[in-house]
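This report refers to the structure that appears directly beneath it.
First listed ligand is number 1; within each ligand, the first listed atom is number 1. If you read the sequence from its start, that first residue is 1, and numbering goes on from there.
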Amino acid sequence: MKDKGIIYLDNAATTPVSENVAKVIRESIKADFFNPSALYAPSVKIATDIKRVRDEIKLAMHAPDGELYFTSGGTEANNTALLCARKRAGSRVIIGIGEHDSVIAPANELKAQGFDVVFAPINADGSVNIRGFAELLDETVSLVSIMHASNETGAVNDVASLVSMTKTIAPKAIFHCDGVQAFGKIPVNLRALDVDLYSVSAHKLHGPKGMGALFVKKGASLKPLLLGGGQEKGMRSGTENYPYIKGFGEAVKNASGDKLKENISKITQYQEYLRKKLLEVLPNTVIITTQANSVPNVLTVAFENVRGEVLLHALERHGIYVGIGSACSSHHESRFKYLLGLDEDHREGIVRMSMSEMNDIGEVDFVVSAIKREIDVLAKFKRI
Ligand code: PLP
């Protein structure tokens, strides 16, 4: 972000709001104060426009027949999916072990309610291990939740295959996919994925925080999490946040179709150059994010003999902002470092660099030389 004199490489945690999104929200928040449920003309106009945005977002995700419900973000969408999808009491629920905490925490709640919650293992790149997943499948499974792309490593799961395996063995199971790190980063085609539920979040694609959505395929049985005035066809009560919905729609426009293709091409070049330069100057670095199987905007690596957190603060002094494992919930230690099979010399050194189209490839040389300089100093004090 040239205007702020910083290099922001933590876009998987959140993204800066685009100028056109901010403009739409700024204008709407004053002008469009009417309650969308009221019966007079300005309210009806707002309600009609909410439908337009809903349809545009469904189109951008190539959604099959079904409904898109706006939520307060990815966390609410995930909680609704896990806690409110209809499940037989005591039945099996499969969750990826690398899921975001907004899936893991409700899954633990289901466990406390007596469901047989089991966790699918992951590979060294953070993707779900297909064989390990298959071993957990049986006809008692009523719910599966596997993310589309990992917030820790950017690994993209083969969701279509996991859905097909699930439906073969447990045809009535509901398949939820947390698409928060995928939507707006790679083409998303919900018809091809064939998932029942799909969560998205606006602030990961230069939209506002506190805004997201849950897509529910026709026929998938779901109860509401929030009860009240019956907005969102009774699935999510609470007065609709029209300015943010409008901003979300604008952000999706910037991250779909030809614009998405353009973004992917720019960010892929950045990711590849960063990977190459890092390995040139620090050959002992473990590159966790694989080239073949990841979203283009994330590069997660494990540096040797440094702590990710110490490096994060060292880089901050250069105006470079990166993430460490589980940066979305940075308050507690990452579970992740133990799941990736890293050796002791690398386990503490996980750093996630995540880009957006607002980054410029010209930043890479500066970033890599700052990392090299800091690591040379830090490595002297092995794992301080
Ligand atoms: N799921 C994933 C994979 C995420 O990375 C995040 C980010 O924080 C969330 C869910 C939560 O989304 P939100 O911040 O919109 O609640």
Side-chain angles (χ1 to χ4, degrees), residues 9-17 21 57 61 68-83 95-109 119-120 122 125-128 144-157 159 176-186 188 193 195 197-215 225-226 236 238 241 244-245 247-248 251-252 255 289 294-300 321-332 334-336 339 350 352-356:
L9 289 176
D10 202 14
N11 289 276
T14 195
T15 52
V17 174
V21 171
I57 296 178
M61 45 174 70
L68 184 91
Y69 301 109
F70 290 111
T71 65
S72 64
T75 299
E76 186 191 320
N78 286 345
N79 271 259
T80 307
L82 272 278
L83 299 175
I95 309 292
I97 187 76
E99 296 297 304
H100 187 265
D101 282 344
S102 58
V103 167
I104 297 284
N108 287 335
E109 170 61 25
F119 294 93
I122 52 173
D125 72 343
S127 61
V128 168
V144 175
S145 186
I146 300 289
M147 70 210 318
H148 198 174
S150 164
N151 55 298
E152 307 262 3
T153 67
V156 175
N157 285 313
V159 174
H176 167 249
C177 180
D178 175 353
V180 166
Q181 293 287 346
F183 186 51
K185 314 292 170 192
I186 51 173
V188 169
L193 295 182
V195 294
L197 310 172
Y198 194 82
S199 305
V200 294
S201 173
H203 76 98
K204 307 290 182 178
L205 43 115
H206 307 289
K209 292 164 189 55
M211 173 50 56
L214 179 66
F215 175 76
L225 181 68
L226 298 182
R236 203 278 183 178
N241 189 346
Y244 275 28
I245 289 173
F248 188 11
V252 169
T289 305
S294 71
V295 287
N297 59 304
V298 175
L299 188 70
T300 299
Y321 292 80
V322 297
I324 50 173
S326 267
C328 296
S329 48
S330 55
H331 317 292
H332 45 85
S334 175
R335 292 173 281 117
F336 225 74
L339 299 173
I350 298 179
R352 179 188 67 186
M353 287 160 280
S354 49
M355 298 67 85
S356 83

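- Neither the backbone nor the side chain of Val103 has any atom closer than 4.0 Å to an atom of ligand 1 (non-hydrogen atoms only).
- The closest donor-acceptor contact from the side chain of Lys185 to the backbone of Lys204 lies under 3.5 Å.
- Close contacts between ligand 1 and Gly73 involve ligand atoms 15 (O) [criterion: under 4.0 Å to a heavy atom].
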side-chain contact (heavy atoms from CB on, under 4.5 Å) between Val200 and Val180, worked out | CA-CA 4 Å; Val200 294; Val180 166; 5.5 Å; no

Would you please test Ile324 and Ile350 for side-chain contact (heavy atoms from CB on, under 4.5 Å) and show each step?
-> CA-CA 6 Å; Ile324 50 173; Ile350 298 179; 6.0 Å; no

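- Every atom of ligand 1 with a heavy atom of Ser201 under 4.0 Å away is listed here by number and element: 13 (P), 15 (O).
- Annotation for ligand 1: atoms under 4.0 Å from non-hydrogen atoms of Asn78 are 1 (N), 10 (C).
- Contact annotation: Lys209 has no heavy atom less than 4.0 Å from any atom of ligand 1.
- Among Glu99, Lys204, His203, Gln181, the residue whose heavy atom sits closest to atom 8 (O) of ligand 1 is Lys204.
- Here the rule is side chain to side chain donor-acceptor pair (under 3.5 Å) with Asn78, and of Ser199, Ser201, Ser145 only Ser199 fits it.
- Where the criterion is an N or O separation shorter than 3.5 Å, residue side chain and backbone included, Gly74 meets it with respect to ligand 1.
- Contact atoms of ligand 1 toward Asn151: 3 (C), 5 (O) (distance under 4.0 Å to a heavy atom of the residue).
- Interface of Ser102 with ligand 1, defined as ligand atoms under 4.0 Å from a residue heavy atom, comprises 10 (C).
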How far apart are the C-alpha atoms of Val103 and Met147, what are their side-chain angles, what is the distance that settles it, and do they pass the side-chain contact (heavy atoms from CB on, under 4.5 Å) test?
-> CA-CA 9 Å; Val103 167; Met147 70 210 318; over 6 Å; no

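- Considering backbone and side-chain N/O atoms, Thr75 comes within less than 3.5 Å of an N/O atom of ligand 1.
- No donor-acceptor contact under 3.5 angstrom links the side chains of His203 and Thr15, judged on distance only.
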Walk me through it: do Thr14 and Lys209 pass the test side-chain contact (heavy atoms from CB on, under 4.5 Å)?
-> CA-CA 8 Å; Thr14 195; Lys209 292 164 189 55; 3.2 Å; yes

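- For Asp178, a nitrogen or oxygen atom sits less than 3.5 Å from a nitrogen or oxygen atom of ligand 1, counting backbone and side chain alike.
- Applying the side chain to side chain donor-acceptor pair (under 3.5 Å) test between Arg352 and each of Asn11, Asp10, Thr289 identifies Asp10 as the sole match.
- Checking Tyr198 against His148 by side-chain atom types alone, a donor-acceptor pair falls below 3.5 Å.
- With a 4.0 Å heavy-atom cut-off, ligand 1 is reached by no atom of Glu76.
- Listed by number with element, the atoms of ligand 1 under 4.0 Å from a non-hydrogen atom of Met147 are 3 (C).
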